[in-house]
Every structure is written in structure tokens, then in C-alpha cells.
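The structure appears right after this line, and notes come after that.
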Amino acid sequence: MDFNNKLVWVTGASSGIGAALAQRLANKGARLILSARRHEELNKVLHRCKNPERHQIVVLDLSDEQSIID
């Protein structure tokens with residue numbers, strides 16, 4: 001599948017499968033929105049991705065409605 005210049009939003013991106021998926025998609029040329037509850041961990045994942053300046057972090061907790069509204 002061609003991910004070059006596609007925008008992909010990865011939830012749970014701060015660790016595990018989400019972090020691995022983010023790195024793989026970045027290597028395939030995708031632009032990413034990385035989301036999870038832990039900003040510090042998201043930032044680490046962001047900087048392990050190819051071309052980190054192309055990606056964005058959105059801190060949120062999908063189980064907390066207020067964090068989604070803000």
C-alpha cells in the first residue's frame with residue numbers, strides 16, 4: 001500500500017504496536033498525527049520517526065470525553 005504523503009492518525013502511539021506502526025508508516029512517507037495520553041513518550045516516538053518535522057502530536061485520552069473536546 002502506498003502511504004507516501006498520506007495523513008495517518010495513530011492512536012496509542014506512545015508505546016508498543018502504536019509506536020512501531022508510527023515508525024513504519026513514517027518510513028513509508030506518511031505524515032502522522034500521533035496520539036496518546038503521555039506527551040513525553042509521544043515526543044520520544046516522534047523523534048524516532050523519519051522526518052519528525054512532518055508529524056504532529058495530539059495528547060488525548062480516548063476514554064476521557066473532556067480530553068477529546070479540549
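- Contacts of V8 classified as side-chain contact (heavy atoms from CB on, under 4.5 Å), with partners at least two apart in sequence or in another chain: F3, V10, L25, A30, L32.
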Worked check of side-chain contact (heavy atoms from CB on, under 4.5 Å) between V59 and E40: CA-CA 10 Å; V59 178; E40 194 171 302; over 6 Å; no
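- Around CZ of R48, the count of heavy atoms belonging to other residues, nucleotides or ligands within 6.0 Å exceeds 12.
- No side-chain heavy atom of H39 sits under 4.5 Å from any side-chain heavy atom of L42.
- Remark: D61 engages S63 in a side chain to side chain donor-acceptor pair (under 3.5 Å) (not counting sequence neighbours).
- Judged as a side-chain contact (heavy atoms from CB on, under 4.5 Å), and not counting sequence neighbours, the contacts of E41 are S14, R38, K44.
- Remark: N43 engages H47 in a side chain to side chain donor-acceptor pair (under 3.5 Å) (not counting sequence neighbours).
- When the side-chain contact (heavy atoms from CB on, under 4.5 Å) test is applied to L7, the partners found at least two apart in sequence or on another chain are R31, I33.
- Here NZ of K28 is found 11.0 Å from NZ of K50. Values are rounded to the nearest 0.5 Å.
- Between C49 and A26, the shortest heavy-atom distance links the atoms CB-CB, 3.8 Å.
- Rounding to the nearest 0.5 Å gives a distance of 9.0 Å between CG of L46 and CD of E53.
- For the side chain to side chain donor-acceptor pair (under 3.5 Å) test, no residue two or more places apart in sequence or in another chain qualifies with D2.
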